[in-house]
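Comments concern the structure below.
Keep in mind that this is a model prediction, so the values were computed, not measured.
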Amino acid sequence: MGFLVAVELFAAYLPLFAQPAGQLQHVINPKGEYSLYSPQGDIRRFNGEVLKWDVNFLFFTNSASVEVKFFKEDNVYHSTLLAETKGFVGFFTAYRKHFYHSKFDIIDEGNRVRTSRFIRQVIVGDRVEETSHILDYGSRNHFWMDYVNKNMEDQGREDIPKGIYFDDILAAFYNFRNEVYGKVDKGKGYFINTIPEKSMKAIQVYIYTDEEKRNAANSDALKPQNEYLIKIKIPKDVFKTKDGELIFWTSPHLIPLETTIKNYILLGDLHGKFRGGVFPASNDVAEVTHDQSQSQ
């Protein structure tokens with residue numbers, strides 16, 4: 001029964017994972033570097049990007065996988081994250097899956113994504129938990145609905161304060177890489193308003209200085225490709241962790257190469273390694289007109 005429910009839920013999203021036939025792609029190398037890279041620009045340049053990580057737990061290698069995509073469907077931009085356990089750890093965790101789907105508006109003349117809808121699903125065995133958020137910036141309303149096995153358990157509404165955007169974790173990922181929150185610098189902190197959860201209402205980011213990196217008691221600090229060591233605090237409800245803390249080693253191009261998710265429920269610390277990625281040889285940024293960018 002649980003497998004059938006999972007298939008039914010994911011079936012609606014399958015077209016979003018389809019790769020256009022014959023599309024030429026560039027490879028993002030194992031060091032997390034692009035052949036073409038810009039720290040700022042039209043955020044639609046990420047269209048078609050696919051990033052993958054393998055996740056280890058204790059002595060179980062490749063016990064889970066993570067895939068993040070940015071794509072356009074029906075002239076609207078989306079991002080998805082799919083994380084799932086497998087093998088023995090999958091069996092131990094009832095093949096837990098996390099699936100997140102963000103639908104974006106493109107604002108600030110193409111420089112920023114703004115979440116219009118965010119869906120989070122957590123599937124564990126026969127149980128499917130889903131939270132759906134709708135963000136209407138015209139009326140400045142945030143609607144949310146909680147479901148368990150398709151049955152609504154709770155719902156609510158709140159105001160979106162003027163001058164504030166609620167960036168979900170996927171919107172924050174791309175906006176941060178596009179320096180929407182400010183220039184990426186070592187020793188700098190960032191406070192990102194996110195979709196309010198019970199545990200917190202903001203994502204907190206800090207980039208370690210070079211000295212702090214060296215004092216991190218981790219040999220990874222000496223790896224030349226690990227340019228940035230970043231600590232992130234997210235609402236613990238998002239990944240079902242005890243404290244919402246994540247540690248990233250990223251490339252100079254801000255691709256997370258090594259990731260630690262602290263205190264994941266039942267499993268403790270999880271460690272992810274970048275497996276690779278691709279992005280299109282060309283995208284449609286040059287073809288997007290100003291009229292298609294939605295204003296604030």
Side-chain angles (χ1 to χ4, degrees), residues 25-55 66-71 77 79-81 83 100 102 104 106 108 110-115 165 167-192 194 202-210 212-213 216 218 220-234 238-239 245-261 271-280 283 285:
Q25 296 178 327
H26 290 300
V27 173
I28 302 171
N29 70 31
K31 294 182 179 180
E33 296 174 341
Y34 295 80
S35 57
L36 300 171
Y37 172 75
S38 172
Q40 294 179 323
D42 194 309
I43 204 161
R44 287 163 287 196
R45 71 188 185 279
F46 291 121
N47 181 31
E49 180 186 79
V50 181
L51 304 173
K52 298 182 180 183
W53 294 266
D54 292 319
V55 179
V66 178
E67 182 175 82
V68 175
K69 295 186 176 185
F70 187 104
F71 56 91
Y77 290 88
S79 178
T80 57
L81 181 153
Y100 308 136
S102 301
F104 295 138
I106 305 296
D108 293 352
N111 290 311
R112 180 177 187 144
V113 293
R114 182 181 66 188
T115 307
Y165 299 132
D167 287 346
D168 71 87
I169 56 169
L170 291 168
F173 178 59
Y174 294 103
N175 284 334
F176 179 78
R177 292 166 64 202
N178 206 37
E179 297 192 331
V180 166
Y181 309 120
K183 183 174 174 57
V184 174
D185 275 329
K186 294 172 183 176
K188 187 173 180 180
Y190 307 81
F191 186 90
I192 303 168
T194 193
I203 296 171
Q204 300 172 32
V205 180
Y206 177 71
I207 304 178
Y208 285 61
T209 65
D210 286 333
E212 288 170 330
K213 280 174 56 181
N218 191 320
D220 292 331
L222 304 178
K223 296 181 180 179
Q225 67 267 31
N226 285 343
E227 175 67 12
Y228 298 106
L229 175 58
I230 302 175
K231 178 189 286 187
I232 300 179
K233 190 92 167 180
I234 65 172
V238 173
F239 284 138
E245 185 174 302
L246 295 83
I247 304 293
F248 291 99
W249 291 98
T250 82
S251 71
H253 295 175
L254 296 176
I255 297 293
L257 299 177
E258 303 183 43
T259 304
T260 298
I261 299 175
H271 303 281
K273 286 200 176 257
F274 182 59
R275 176 153 42 108
V278 296
F279 65 102
N283 55 39
V285 169

- Message: I want to check something: taking the side chain as every heavy atom from C-beta on, are Asp210 and Lys186 in contact at a cut-off of under 4.5 Å?
- Response: yes

- Expected output: side-chain Arg45 to main-chain Ser38 donor-acceptor under 3.5 Å: yes

- Message: Which heavy atom of Ser251 sits nearest to which heavy atom of Gly32, and what is that distance?
- Response: OG-O, 2.7 Å

- Item | Pair His26-Tyr34, side chain to side chain contact (heavy atoms under 4.5 Å, CB included): steps then yes or no | CA-CA 8 Å; His26 290 300; Tyr34 295 80; over 6 Å; no

- Say whether, by atom type as modelled, one donor and one acceptor occur between the side chain of Asn178 and the main chain of Gly41 under 3.5 angstrom. yes

- Message: Checking the side chain of Lys188 only, and the main-chain atoms of Lys183 only, is there a donor and an acceptor separated by less than 3.5 Å?
- Response: yes

- Note on the structure: Closest non-hydrogen contact found for Asp168 with Thr194 is CA-OG1, 3.9 Å

- Nearest heavy atoms of Ile28 and Phe274, plus distance in Å: CG2-CZ, 4.1 Å

- Where the side chain of Lys231 meets the backbone of Gln204, is there a donor-acceptor pair that is under 3.5 Å apart? no

- When rounded to the nearest 0.5 angstrom, what is the spacing between NZ in Lys213 and CD1 in Ile207? 11.0 Å

- Interatomic spacing from CD1 in Ile255 to CD in Glu227 - rounded to 0.5 Å: 14.0 Å

- In this structure, CG of Leu51 is separated from CD of Glu67 (nearest 0.5 Å) by 9.0 Å

- Apply side chain to side chain contact (heavy atoms under 4.5 Å, CB included) to the pair Phe279 and Ser35, showing each step before the final yes or no. CA-CA 10 Å; Phe279 65 102; Ser35 57; 4.0 Å; yes

- Task: Over all heavy atoms of both residues, which pair between Phe71 and Asn47 is shortest? Give the atoms and the distance, please.
- Result: CA-OD1, 3.3 Å

- Side chain proximity check, Ile203 to Ile232, heavy atoms < 4.5 angstrom: yes

- Distance-only, no hydrogens or angles: does the Ser79 side chain make a donor-acceptor pair with backbone N or O of Lys69 under 3.5 Å? yes

- Trp53 side chain vs Thr259 backbone, donor-acceptor pair below 3.5 Å: no

- Note on the structure: When every non-hydrogen atom of Val184 is compared with those of Phe176, the smallest separation belongs to CG2-O, 3.9 Å

- Message: Taking Glu49 first and then Arg177, would you say they form a salt bridge - that is, a charged N and a carboxylate O separated by under 4.0 Å?
- Response: yes

- What is the ring orientation for Tyr174 with Phe104, classed by angle as parallel under 30°, tilted 30 to 60°, or perpendicular over 60°? perpendicular

- Task: Examine distances only and state if a side-chain atom of Asn29 and a backbone atom of Glu33 form a donor-acceptor pair shorter than 3.5 Å.
- Result: yes

- Note on the structure: On a heavy-atom basis, the closest approach of Val113 and Asp167 is O-OD1, 4.1 Å

- Between atom CD1 of Ile230 and atom CG of Leu246, what is the distance when rounded to the nearest 0.5 Å? 11.0 Å

- Query: Just by distance, with hydrogens left out, do Asn175 and Tyr165 show a side-chain donor and acceptor under 3.5 Å apart?
  - Reply: no

- Item | CD1-CD1 distance between Ile192 and Ile234, expressed to the nearest 0.5 angstrom | 11.0 Å

- With rounding to the nearest 0.5 Å, note down the distance linking CZ in Arg114 to CD1 in Ile43. 13.0 Å

- ring-ring contact (aromatic ring centres under 6.0 Å, His included) partners of Phe248, counting only residues at least two apart: none

